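As a basis for the values below, the full set of heavy atoms in this structure was taken, side chains included, without hydrogen atoms, waters or symmetry mates. Letters A, B, ... mirror the listed sequences (proteins, then strands); counts begin at 1. From a predicted model like this one, the values you see are computed outputs, not experimental measurements.
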Amino acid sequence: MLKKPCFNLTKHKLEYESVKEFSSSILEVPLSEKSILFFDVSQEVEIKPDDPLSVKQDDLLKTGEKFLPFKDKSSKYLTSSVTGKISSINTFQSDYGKKYISITVNKEKEEIVCDKFSKKSKEPTIANASEFLSCIPGGISENILSNTGEIKTLFVCGTDNDLFSVTNQYIVSSKIESLKKGIEILKNITGIDNIILVVNKYLEQTALNAEIKTEVINSEYPSSLPKLIVKELLNMELPQDKSFIDIGVDFISAEAVAAITQAYNTGKVPVDKIITFVKKDGYKLLAKARIGTPIKNLCAACDTAIDNNDRLIIGGPMTGSAIYTDDYPILNNTDAVIVQAADNISRTSDYPCINCGTCVMACPARLSVNILVRYLEAGLYEIADDEYDLSACIECGLCSYVCISQIPIFQYIKLGKYELAKIKAKAAEEVDD
Amino acid sequence: MAKSIAYEFGKGLWKEIPPFRLVLGLCPVLAVTTSLQNGVGMGLATTFVLVCSNILVSMLRKVIPSKVRIACFIIIIATFVTVVELLMQAYAYTLYLQLGIFIPLIVVNCLVLGRAEAFAYKNPIIHSLSDGLGMGIGFTLSLGALGAVREIIGSGELLGYSVFGSSFKPFTFLIEAPGAFVCLGLMLAIMNLASKK
Amino acid sequence: MGDYILLAVSCILVNNILLAQYLGNCPFLGTSKKMETAIGMAMAVIFVLVLAGTITWITDTYLLKKFGLEYLRTIAFILVIASLVQFVEMFLKKSIPALYAGLGIFLPLITTNCAVMGACLINIKEEYTFIEALVSSFSYAVGFGLALILFAGVRERVLIARVPKPLQDTSIALVVAGMIALAFYAFKGMA
Amino acid sequence: MREMIKMVLVLTILSSFSGGLLAALKNGTQEKIEYQELQNVKGPAIEKILEGCENDPIVDRFKVADGEQERSFFVGIFDGKPKSIAFETYGKGFAGKVGVIVGVNLEDGSMLGAQVTTHNETPGVGSKAQDDPSFVSQFANKTVTDSFGVKPDGGNIDAIAGATITSRGVCMAVTEAGEIYKRLKPEIVKQLEKFNK
Amino acid sequence: MIKQKKLIVSHAPFIHNGSKISIKNYHIMLAALPALLAGIYYYGIQAVGVIGLSISFSVFWELAFNLIAKSEKRIGDGSSAVIGVVFAMMLPATAPWWIILIGTFVAIIIGREIFGGIGSNPFNPAVLGIAIIALSWKEYFDFNQALINFDMDFNMFYPLAALKSFGASSISSISVFDLMLGKQAGAIGAVFGIGIIIGGLYLIAKGIIRWEICFSFIAGIFLTSMTFAMFAPTTYAGPFFHLFTGYTLLGIFFLSPEDSSSPVNKMPMILYGLGCGILTILIRNIGVYADGILYAILIMNIINPLIDKIKPKAFGKV
Amino acid sequence: MTEAILIMLTLGGVCGAVLSIASKVFYVYEDPRIAQIEYYTAGANCGGCGYAGCSAAAVAVINGKASPNVCVVGDAESAASIAEIMGLDAGSVESAISYNTCKGGERKEEKFSYIGVATCKAASSLYGGKNVCGVGCIGMGDCVKACNFDAIKIGEETIPVIDSNKCVGCGACVKACPKNILSVKTMSERLLEFNNIDGKLAPCSQTCPAEINIPKYISQIIKGDYQGAVNTIRERNPLLLSCGRVCPHPCETYCRRGIVDDSVSINQLKRFVADYEMNSGKRFPITCAPDTGEKVAVIGGGPAGLSCAYFLRRLGHSVTIFEAMPTLGGIIKYGIPEYRLPKKVLDWEIEGIVNLGIEVKTDTKLGRDVDLQSLFASDFKAVFLGIGAWNDYALGIDGENLKGSWKGINFLSSVANGRKITIKEKKAAVVGGGNSAIDCVRTLVRKGAKEVYIVYRRTRKEMPANEVEIIAAEHEGIKFVFLAAPTKVIGNKNGEITHLEYLTMELGEPDASGRRRPVPIEGSETTLEIDMLITAIGQSPDISFIDKDSDLKELKTTRWKTIDNDPLILQANLPYIFTAGDCATGPSLVVDAIGGGRRAARSIHLYLTQAEEEESENKIEPVENALYKKHIPESIFETLEGVVKKPRVTMPELPVEERIKTMDEVDLVISEKEALTEADRCLDCCRICYNKETTETQA
């Protein structure tokens, strides 16, 4: 799949994995002693990581209990996935300015499931969904839960964004009934009429059999990136200065839909996440773990030892991110975890761009990557954006994948976007002054 | 406030040697340096104009109104350029032929005008004199060096004497227009390299 | 007519004022770092050179030659050109500020541009008629602009390349200019 | 207003002063310049053509009106007699005009030779017309009033390799010389009387 | 405190398709082989010497520059060797060693290294090298004169020089097929047309050079030469003659598609190729030079940054 | 000839006329300053300033977007000329060069291996960079690439090294650095810099109330650059001679070396360089920014007032100190006895400060000799109150005012003033456990008292006085009476003191301050035979002037009679009044007062320079992210690896027998050799890295 064909007049093809190639068994990861809950504080402008929290050490959390870390400042909440006492609270600096509050919970012997949800949610309503379900596995966007009526079309992604991962496909193939019911629930509570299940060709039949409104997309990477789904199914390119919500579109993963069904069926907030795990030798398996389980427990359960100079990747191989500590927890959107052995790691080089144009041919966003990357290397982010459409990049990573000089183009682009945002924010600030 | 006269003189020889450091007055540098003789001749002509105009501008700096100062500088410079032109015609005619149109064009050499504007108009006569002299000599040296390099490699001769013998096949590229640009560019790089240490 | 076209081609490509006659190199290097600036400068030069070429031809023919004062050519020309440029600058600034912003800011650079003065002198030296002088002035300016814009295009690329430190900026720009001059040899003999 | 007057005044005085100065200088050097000009530009060519003459052809020159133009003729005295003259004509070369001096033996109208004086040709290619004696030597002893052309054009002169245009230009100039000679011969003969001592 | 394992952190993507500059360059050298072998067949051991010297000098210059500039040594990627090969293809078999030394110096150092090395050169280094030395030492590039000592079983002369001097009638006797087989005087790698075409097609098939440039180049040559030939068939030669003489095919497949100095977007590539073709014939027909390929490519190299600004509208751009 | 002259005359005339007419007809108003400024730029159109050519830069200066020293090629002279044209605060004209504040380098620890784009920006955007230290240098040299003047290189320790000869202070490197480890600051900016929670700060620097860059001056001492060390200290603390003697050095408490053996004797090192300057026979020059013409009145010439005046003066303001006493110095002059801080030393130091151009009016008391009205009349724009705390608290017991009873400060200042007090052969008791109490007893010993008691209501452990002082007092034979609360002073009929009666106490539950509260034991009254009593149980400011001055009626005070202010910006409720030192905080450390003086100076500086722009808003922005009296948690260690024990240099002091006889200075300065050894013990800490000493390097 990752080999370059001998003769290539056409561009490189990367096919998505098919869930059918997986063994149907799913590995259950045992509950870990310590779980870590991440609360994202980078989006909230007014919250600073060192603001006082409304929870503190030694507070007891129940499984499925929701709590608001910054009660006074933000209504965003976290759902505890285990029962236990908070043992420490730290800040965690992630990439590109992202910051989390990490709350470590020590498992109590006996698990107590919080019953607030079951009490309040006999009937599915948008109110109780938004009150309890924003942290379900797979994640659900605020726009869906706030029910402002802007969303006209909701795509349920039965495809996985990135290569290797089959998490959502697994849900479609194994829980199609639950998915169907979840879509009904969503229709009822949000009032969105046009909910479409998006699958690729591997699962077309499954979806058709279940009689769900389905669209089939290309099975070639990166066609299941949101922007390309919109392009393929709605035949429009998302304008650069608009967001999906502006054109009345939103996405939800199949896993989240199934989780909604599960929540209302059982009266418990779902806390288990399905993860595609890729071992060092490339063997892939599916695992089920609590949200908040440290990666090292997942690895241990999958018989994979982490050594020095290995690479631990959260997410897929094209768009994921490498982490530096195996204490990092599984989050509600962690679809895949990849472990690469030290001697199997593709390196980058500091070769200059040789202007071969392969990236230009590969780029689904039609960027002049060859020139763009030079401006980015020189740190001229504004020119890169004004003249070479930096912000039009849809972040698929194909340019770096095909680059003959092995330039970390994708990193340059991400960095460029990040720095550009900073420059613009600063300029806006100056205008305000 | 005022720096020493020796400093003003010396800076033109290395620290601010034109056109390598102060990239000014490139046209004659490129055009006439096909040989050492031409280069030095042009350099001396420029030096003469530079020194005379610096002195005169400095003398008249109190009289010249600042609004028409550029026009005045130009008249002063043009006068001296014409003087040089006439003298050269009378006493160094071959050189005059070689330098051709570039003699009258000294008048628009940014170096001369630049020094008048940036230095002589603000400084006393003696300083302006030494500045002009230093810059002029620096300019001459640069032109001479470039001319020598191009002449030796480009035609295998120096001042008309064969350097490498008759079997040498000169690299005539350097005598041609593109060669002039490339040669100056590379010499500039060598200067940058040298001054770094 | 054919002669004028040949003259134009000769002045634009074959005897390009920058690359073959070495005139106007300071602004050539100075204003070519960015394409926008290069285009502005090119336009300014075209505008001024046509005016200057005409006026100096008139001055020379009806004033200097008449009185046998050819030796005052240098001083007369530069005076006329400098005054003209300054006049145009003031005029634009007041009357057409939009044009001034795009083109006028380059005018001070033109006063000391030997391309302008040089082209005027060549007109006289080659004993062109008035029309020929006009054509050649315009063509020289177009040649200047063409070379400048092409140069700016290449230079924009070189600016973001990993040029070794001692060669950066002017040094590498000169080498590029040399290469462009070499490429212009292609047009040799075409006019 | 006061400032304006001052500006105009300074500019006027300065320029008139420079005009005066230059005029004075010009007067002083005029003679010298004219001699230098002839000596250097045409001197070598004339010397070669009128080789063996007893006088200085540049001193012994006269002018003849040809239509609107005036043409200079240089006299070569052989055996005490003004037998030959040399004069300049122009042809169109690869890059601008090519000046050619043609020497004519008045007695039989044969050419003493032709020499290229001024040109702007490519060094090493077109410039061979001046430097390479084998090309111009083809003209010697031919009748001046003939028409000349390079062989590719069906003429009688071998072109310089790679410099057909220059060669063509030279031929043009020589052909024109023949026409001038035909046209002005009576006047020339009249003028020559003066040198017949 | 237990020491945390030190993992490797890098940025996505974490996989790569495995392409390498060195492999690409070896393919180019492989593609040059047919034409070179033909050259060696015609010109013998001398040609082998020229090729060998050209490659080794090229690599030497790059190494020397890297040592002086204290930059990373990258001679292993074969890019200098490729320049050496292409450079050798344009040389006559009689080229003396010092010309190769200076030519490769110009190509590698002035043509490429001082601009920042591989990928940064605005001009094709090999073209630049040949153009400069051909300007300086014309006698070695006058193929008639240079190859005078070779005794062949065919009429050995440089067709373009003949065309330039004596018009189209002088070359009417030459069959296109002979030209394709290399029965003409010329540079080592430029005479055997079929070989170059085979190499070029191989490169296109491998995706190493871009077909848009090559085909539009050919189109440009055909269009222009046919127009000229239509108006004055006695003075100007036809398209096939132009295609198979001089450096034309070399220019089409090995010189003009050089990565760094050619455009990468579709429209610019076509314009670039067309421009090269048109200029080539213009120079051959009305300029002073017998072969216009070198200058045509140099001119298009200059225009390349400008035309490469024509690019498709980016995703979601309004 | 004539023709030539005529033609040129016409030509010149025509051109001149056309131009001058055109300049009238086509006149467009342009700020005349643009041309003037352009005249002073270097004219090279180099673009180093970031503007498109010199003319554009000039426009930017006019629009206030660029500072007068915008031209990186031009020298200080041209910058000064431009500033003159702009009539700007010339303070920003001082030349600046770049400084590296990170000391991480090779000793830093990494949390992962990084592969990818080799720039600091890229590396830092992934988890803040590979270093464990989140704020330190990444070492990939973005700054080197950014520098147009070749002034930075990555040194052997993989941290940037700046060549100060080449640096022009353009700030390109600062912009390039994602970790803010480089700073280009003018002297004024450096003087006004405050410790920041993101700072690269050693624990000692975090602790020091004056925020002195301690590791920097110690490393300067190691290099033998004593003058540099003095200058480093002077950026934060003008009273280094005094502080070197009397500072209780809270910094040493947090010295990391103290975790392993003894903390570095930081204060001794400060004293060493301070004394080095004094003994060198010349004063190291102190530079001041150009005059701003703003006048500030500083009321009180104590440490806070001197510090504030000093910093304001260095910022270019005109300062006048009004001092109620005959000489400057305040509490350190009158409250600290000679044997701890010789008057000669203090006077030398104060002279240095006053010599910067500070006007001094002694014997002038606010409320008595001057009032606000008169200050405003004399053009003072802001007033700094640093009047100290001179009112001793009374015990509030019977017989307190008997003859032979003194108040602590009163006693000490009387001694300092040389007033005749009979102490010889007296039995004296000093009530209190603070430093002034110890000062009193040690003074008494030296003045020949027969028996000296210290009466304190808690135990030795709770005594707020410095440990060294207590020890010294013990050595000098002071008798300590702990857990004793005076209840009554008993006198004879002449009104002279004979006895002190006190209750014995026991310690109860800890109170708010964490000290165990003493509880009296009923019926444990004891008497102590004395003929002299000094109460030194604390002081409060003398704020009587408030009532005398109608303009000050509004001034808010606290219940401790201190002047109420914003604790961070030190502005009182009247916007033009700023306070610091004991009068704002209550009795505290000298170094607190010095730090307060500097913070007040910043506020006053901002108040004066911003006042014109925002007349309505007199509120000054506090320092962002200031680390005021806090510690960076991650920098406080509990264990320390890789440090080899080395003894601390002992401080030389006069032998007890000698010192109790005279008021001579007790503590002596350490020798140069000892200073170097001691400085060498410094681990050169930064936020979390420090120099590990391996046994190999010791051998």
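With chain C as the partner, the residue from B:Val32, B:Ile101, B:Leu86, B:Val112 showing the most heavy-atom pairs under 4.5 Å is B:Ile101. When the candidates B:Pro104, B:Ala78, B:Gly185, B:Pro178 are compared by the number of heavy-atom contacts under 4.5 Å with chain C, B:Pro178 comes out ahead.
B:Leu188 CG to C:Leu167 CG: the interatomic distance, rounded to the nearest 0.5 Å, is 9.0 Å. In this structure, the separation between CG on B:Leu30 and CG on C:Leu18 is 10.5 Å, given to the nearest 0.5 Å. Rounding to the nearest 0.5 angstrom, the gap separating the CD1 atom in B:Ile75 from the CG atom in C:Leu79 is 4.5 Å.
Interface remark: C:Phe77 contributes no atoms to any contact with chain B (heavy atom separation under 4.5 Å). For a residue to count as touching a neighbouring chain, one of its non-hydrogen atoms must lie under 4.5 Å from one of that chain's; by this rule B:Ile77 does not touch chain C. Both the backbone and the side chain of B:Thr79 come within contact range of chain C, with heavy atoms under 4.5 Å apart. Neither the backbone nor the side chain of B:Gln89 comes within contact range of chain C, judged by heavy atoms closer than 4.5 Å. Proximity to chain B (any heavy atom under 4.5 Å) is shown, for C:Ile122, by both the backbone and the side chain.
Closest heavy-atom contact between C:Tyr22 and B:Phe102: O-CE2, 4.0 Å. Contact detail for B:Val182 and C:Val175: the closest heavy-atom pair is CG2-O, 4.1 Å. Residues C:Leu23 and B:Leu105 come closest through the heavy atom pair CD2-CD1, 3.1 Å. Nearest heavy-atom pair across C:Leu174 and B:Phe181 is O-CB, 3.3 Å. Here the closest heavy-atom approach between residue B:Ala177 and residue C:Tyr185 is recorded as N-OH, 3.8 Å. For the pair B:Ile74 and C:Ala82, the tightest heavy-atom approach, listed with the atom from each and the gap, is CD1-CB, 3.7 Å.
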Q: Kindly determine whether C:Leu182 and B:Phe173 satisfy side chain to side chain contact (heavy atoms under 4.5 Å, CB included), including the steps that lead there.
A: CA-CA 9 Å; C:Leu182 177 69; B:Phe173 173 69; 4.2 Å; yes
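Counting heavy atoms of neighbouring residues, nucleotides and ligands inside a 6.0 Å radius, atom NZ of C:Lys65 exceeds 12 of them. Heavy-atom contacts from other residues, nucleotides or ligands closer than 6.0 Å to CZ of C:Phe138 number 12 or fewer.
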